[in-house]
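Starting from 1, each residue takes its place in the sequence as its number. From a predicted model like this one, the values you see are computed outputs, not experimental measurements.
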Amino acid sequence: RHPLATFFHLFFRVSAIVTYLFCDWFSNSFVACFVTILLLLSFDFWSVKNVTGRLLVGLRWWNQIDEDGKSHWLFEAKRVPAIAASTEAEARIFWLGLIICPVIWTTFFFSNLFSLKLKWLALVIAGISLQTANLYGYIHCKLGGQKSISRVTSRLFGTTDVPKRQSRRIAEDGSEEHGKTGTR
């Protein structure tokens, strides 16, 4: 069980949203609100990507640049034989937080766009970008080495230049790594 990781998984996300909603009540400074919310979003991105994903669901992802300057997304999933009830609850909290928060930030985007609060759009776009990057990475970690990923994404986005090959590597700690090897 990882109660501290579960707490921080939700703390930074919820704090950024609550601060965004009530920032005008506590401060008249747009810059102070902007920086505070951006810091909370950054802390959330880092903690979810580097800590809570590993501890709560056994997944991690990262982007690596090779010598040729090509970008490779690498996905890793731990092999866990049986999941305890407490771990299932933590995993459920992880995935709900990962999915719901980008939806909330997207709602803020349309709210700001239609109410013409254009100065907040940059912050909301940063929130959407950071939250969606984590969601994208963890969905690919979860789907892992399934060969249907490239077919599904090519049908979804209508592209044919999605890499067709995927590599799998088993690390010493029993974790399984998936990396796309054919990038543009």
Side-chain angles (χ1 to χ4, degrees), residues 1-66 69-76 89-143 152-153 156-159 161-162 180 183-184:
R1 296 187 45 152
H2 305 286
L4 195 60
T6 306
F7 170 76
F8 280 109
H9 176 70
L10 295 176
F11 175 75
F12 291 125
R13 292 174 171 264
V14 172
S15 295
I17 291 170
V18 169
T19 304
Y20 175 79
L21 289 172
F22 299 114
C23 197
D24 288 337
W25 289 5
F26 301 113
S27 175
N28 290 333
S29 173
F30 170 74
V31 174
C33 292
F34 190 94
V35 170
T36 302
I37 296 166
L38 196 58
L39 281 172
L40 288 168
L41 287 168
S42 300
F43 292 154
D44 170 61
F45 179 80
W46 183 87
S47 67
V48 170
K49 182 181 171 300
N50 295 315
V51 179
T52 62
R54 288 183 193 182
L55 294 176
L56 300 180
V57 291
L59 302 172
R60 72 178 183 157
W61 64 271
W62 65 97
N63 190 327
Q64 185 174 2
I65 308 292
D66 64 7
K70 293 181 182 176
S71 177
H72 299 279
W73 284 74
L74 301 172
F75 307 101
E76 185 177 86
E90 289 174 345
R92 198 169 295 125
I93 290 170
F94 176 84
W95 286 107
L96 283 174
L98 202 64
I99 292 169
I100 291 173
C101 289
V103 171
I104 293 171
W105 284 104
T106 303
T107 305
F108 291 158
F109 173 80
F110 288 111
S111 172
N112 284 327
L113 190 64
F114 293 134
S115 64
L116 297 175
K117 294 181 181 177
L118 301 179
K119 67 181 184 180
W120 290 99
L121 277 180
L123 179 66
V124 172
I125 290 171
I128 292 170
S129 300
L130 292 171
Q131 304 268 325
T132 305
N134 264 332
L135 180 62
Y136 173 81
Y138 281 111
I139 286 175
H140 277 284
C141 285
K142 184 77 171 162
L143 296 176
V152 169
T153 55
L156 184 64
F157 296 111
T159 61
D161 55 344
V162 175
K180 294 183 179 180
T183 57
R184 287 182 11 171

Report the residues that fulfil side-chain hydrogen bond (donor to acceptor under 3.5 Å, both in side chains) with N63, sequence neighbours left out, ordered by chain and then residue number. S71

Using the test side-chain hydrogen bond (donor to acceptor under 3.5 Å, both in side chains), find all partners of D66 that sit at least two apart in sequence or belong to another chain. H72

Under the side-chain hydrogen bond (donor to acceptor under 3.5 Å, both in side chains) definition, can you give me all pairs with a residue in residues 26-37, not counting sequence neighbours? none

Which pairs, with at least one residue in residues 92-115 and sequence neighbours excluded, count as a side-chain hydrogen bond (donor to acceptor under 3.5 Å, both in side chains)? Y20-N112

Using the test side-chain contact (heavy atoms from CB on, under 4.5 Å), find all partners of F26 that sit at least two apart in sequence or belong to another chain. F22

Within residues 14-65 or reaching into it, pairs that qualify as disulfide bond (SG atoms under 2.5 Å apart) - sequence neighbours excluded: C23-C33

Pair listing, disulfide bond (SG atoms under 2.5 Å apart) test, anchored in residues 93-129, at least two apart: none

Suppose the criterion is salt bridge (charged side-chain N to carboxylate O under 4.0 Å, His left out): which pairs have a residue in [range], not counting sequence neighbours?
range: residues 98-109; answer: none
range: residues 101-111; answer: none
range: residues 96-109; answer: none
range: residues 118-138; answer: none

Tabulate below the donor-acceptor pairs under 3.5 Å that side-chain atoms of residues 5-19 make, not counting sequence neighbours, or state none.
residue	atom	partner	partner atom	Å
T6	OG1	H2	O	2.9
H9	ND1	T52	OG1	3.4
H9	NE2	F94	O	3.1
R13	NE	D44	OD1	3.1
R13	NH1	G97	O	3.0
R13	NH1	Q131	OE1	2.5
S15	OG	F11	O	2.6
T19	OG1	S15	O	2.6

